[in-house]
2 protein chains.
Amino acid sequence: MVDRGLVLDAAERVIRRDGAGVSLDAIALEAGVTKPIVYARVGGRTDLADALSRRLAARLVIAAGAAIGDLAYGRAMLTAFVEANLSTLAEHRDLFLYVTGGTAADTPRRTLYLAERSTTPMAQQLAAWRTNQGLDPAVAVPWAYAVIGMLHLVSLWWITEMDRPAELLAEQVAELLWSGLAGP
Amino acid sequence: MVDRGLVLDAAERVIRRDGAGVSLDAIALEAGVTKPIVYARVGGRTDLADALSRRLAARLVIAAGAAIGDLAYGRAMLTAFVEANLSTLAEHRDLFLYVTGGTAADTPRRTLYLAERSTTPMAQQLAAWRTNQGLDPAVAVPWAYAVIGMLHLVSLWWITEMDRPAELLAEQVAELLWSGLAGP
DNA sequence: AGCAATACTTACCCACCGTAACTTTGGTAT
DNA sequence: ATACCAAAGTTACGGTGGGTAAGTATTGCT
């Protein structure tokens, strides 16, 4: 009896090994079962990708939380947050591509889901901080999406080039995020 | 004789009408030709999506340029730039989804292409401005990707919700971009 | 032992991308 | 005028991948 988690583990292994273009048959083969079993456990390709996007989102949130630790709100915290996101997405490169790829109908849904999971805790913190500073907290949600979109595209670009160390890029992105284009 | 441009026009029409999930057969039907003609003119699905992404990228660049006009570098210019991007992507909603969707192998390539076309002029302006201000211009390229990634995800989110006017959202995003999370 | 439910496999269908082989049309040389 | 050939296009097919229906083995219960 192969349970749902083992199928997802197998999917992650074969995606990591063979890239984001893998078929369900390949995943079933890797899991040591046949295709209908995959359907019984996790559903079709869409459900599989959804489940994997939940795993990836959870890892992003955990990595971000661990990196931030109890740093105070500020540029150092932001740098840690950015670098955690960059590293995690680079670490799960093909999984990231698998989750954000797929059919045109699913891509936006999952992209937004992946983003939303990261934005939710971030928007809360951001709203609290701005309220505390006497600023309008209404911008928290769009700003959270803005930050995550920034990180995702920068990650995608960085993943394909990998021409500079993660720390440098994280510093640069954090500077933009913290001080803006206007500069300090 | 149906030329390449007419096939691309037909593709845009059917994508707008039926959504981003359309097949090549549907596009060929709309163009009034058979499938092999589509292959002879524009190549396969990948080449078609590439060609459409070039069109979309060109429109983004043109819209941005027109919106900026001869505004001086600053928050007002940034707001115009952001709003031009939001509106253009919303106007070409399904085309945007078609271009950024597709197989896992093509998605990152085209996403980066679409981004790169917007980032190139922006990175140049940004580098020039920073040099002029006595600041380090080395961050221009990663910052340009950061800005475009921000705009793309915010657009995607906004497109699916459409819960606030474009001007307000553009103001909010421009504020983040110009002044950063730290605030003015 | 016999029966039934569960778990899985084989075999298949369908949609879609891509292409090979066949047909038509229009111009051209003899 | 006719036979030929190249261009342009259509029909028909192969291959792959997602998804499912029908058949088979295995386990537990009476």
Side-chain angles (χ1 to χ4, degrees), chain A residues 1-54 94-95 97-111, chain B residues 1-53 94-95 97-110:
Chain A
M1 176 79 174
V2 175
D3 80 344
R4 181 183 166 96
L6 293 180
V7 174
L8 295 179
D9 291 343
E12 287 202 48
R13 279 199 306 277
V14 66
I15 286 170
R16 185 180 291 272
R17 173 159 37 87
D18 300 338
V22 296
S23 69
L24 276 183
D25 300 82
I27 291 170
L29 184 68
E30 171 71 24
V33 296
T34 54
K35 206 166 36 163
I37 303 300
V38 177
Y39 280 83
R41 295 289 178 279
V42 296
R45 184 186 177 76
T46 299
D47 304 278
L48 173 65
D50 284 353
L52 292 179
S53 85
R54 275 191 283 278
D94 291 298
L95 184 59
L97 297 180
Y98 187 88
V99 163
T100 57
T103 74
D106 295 340
T107 300
R109 264 195 38 250
R110 259 198 310 279
T111 301
Chain B
M1 177 78 175
V2 176
D3 79 342
R4 182 183 165 95
L6 293 179
V7 173
L8 296 179
D9 291 344
E12 287 201 49
R13 279 199 305 278
V14 67
I15 286 170
R16 186 180 289 272
R17 188 179 64 229
D18 300 339
V22 297
S23 69
L24 275 185
D25 299 82
I27 291 170
L29 185 67
E30 171 71 24
V33 297
T34 53
K35 205 168 34 166
I37 303 299
V38 176
Y39 279 84
R41 295 290 178 280
V42 297
R45 185 185 177 75
T46 299
D47 304 277
L48 174 64
D50 284 354
L52 292 179
S53 85
D94 292 299
L95 184 59
L97 297 180
Y98 187 87
V99 163
T100 55
T103 73
D106 295 339
T107 301
R109 264 195 39 250
R110 260 199 308 280

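Letters A, B, ... are given to chains in the order of the sequence lines, protein chains preceding strands, and every chain is numbered from 1.
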Go through the steps to decide whether L8(A) and L48(A) satisfy the test side-chain contact (heavy atoms from CB on, under 4.5 Å), and finish with yes or no.
CA-CA 8 Å; L8(A) 295 179; L48(A) 173 65; 3.5 Å; yes

Any ion pair linking D94(A) and R17(A) (charged N to carboxylate O, less than 4.0 Å)?
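Judged by the 4.0 Å cut-off on N to carboxylate O distance, R17(A) and D94(A) do not form a salt bridge.
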
Taking only Lys NZ, Arg NE, NH1 and NH2, and the carboxylate oxygens of Asp or Glu, determine whether D50(B) and R110(B) approach each other closer than 4.0 Å.
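So D50(B) pairs with R110(B) through a salt bridge.
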
May I have the distance from [X] (atom [atom1]) to [N] (atom [atom2]), rounded to whole angstrom?
X: I37(B); N: dA8(D); atom1: CD1; atom2: P; result: 10 Å
X: D3(A); N: dT6(C); atom1: CG; atom2: P; result: 19 Å
X: L48(B); N: dC16(C); atom1: CG; atom2: P; result: 15 Å
X: L29(B); N: dT10(D); atom1: CG; atom2: P; result: 12 Å

Side-chain contact test, heavy atoms from C-beta onward, threshold under 4.5 Å: evaluate it for R109(B) versus T46(B) and give yes or no.
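Touching, per the 4.5 Å side-chain cut-off.
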
What's the angle between the local helix axes at either end of the helix from dA1(C)-dT30(D) to dT30(C)-dA1(D), using five pairs per end and rounding to 10 degrees?
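Rounded to the nearest 10 degrees, the bend comes out at 30°.
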
State the CG-OG1 distance between D106(A) and T111(A), to the nearest 0.5 angstrom.
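Atom-to-atom, D106(A):CG and T111(A):OG1 are 10.0 Å apart.
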
Where at least one partner belongs to residues 19-28 of chain B, residue pairs that pass salt bridge (charged side-chain N to carboxylate O under 4.0 Å, His left out), sequence neighbours excluded
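Counting only pairs at least two positions apart or across chains, the salt bridge (charged side-chain N to carboxylate O under 4.0 Å, His left out) contacts touching residues 19-28 of chain B are D25(B)-K35(B).
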
Ignoring backbone atoms, establish whether R41(A) has a side-chain N or O less than 4.0 Å from OP1 or OP2 of dA7(C).
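It does not, given that no N or O in the side chain of R41(A) lies less than 4.0 Å from OP1 or OP2 of dA7(C).
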
Working for side-chain contact (heavy atoms from CB on, under 4.5 Å), residues Y39(A) and D47(A)
CA-CA 9 Å; Y39(A) 280 83; D47(A) 304 278; over 6 Å; no

Under the side-chain contact (heavy atoms from CB on, under 4.5 Å) rule, what do L52(A) and E12(A) come out as? Steps first, then yes or no, please.
CA-CA 8 Å; L52(A) 292 179; E12(A) 287 202 48; 3.8 Å; yes

Under 4.0 Å protein heavy-atom contact, by nucleotide of nucleotides 11-27 of chain D - B base, S sugar-phosphate only:
B-----SBBBB------

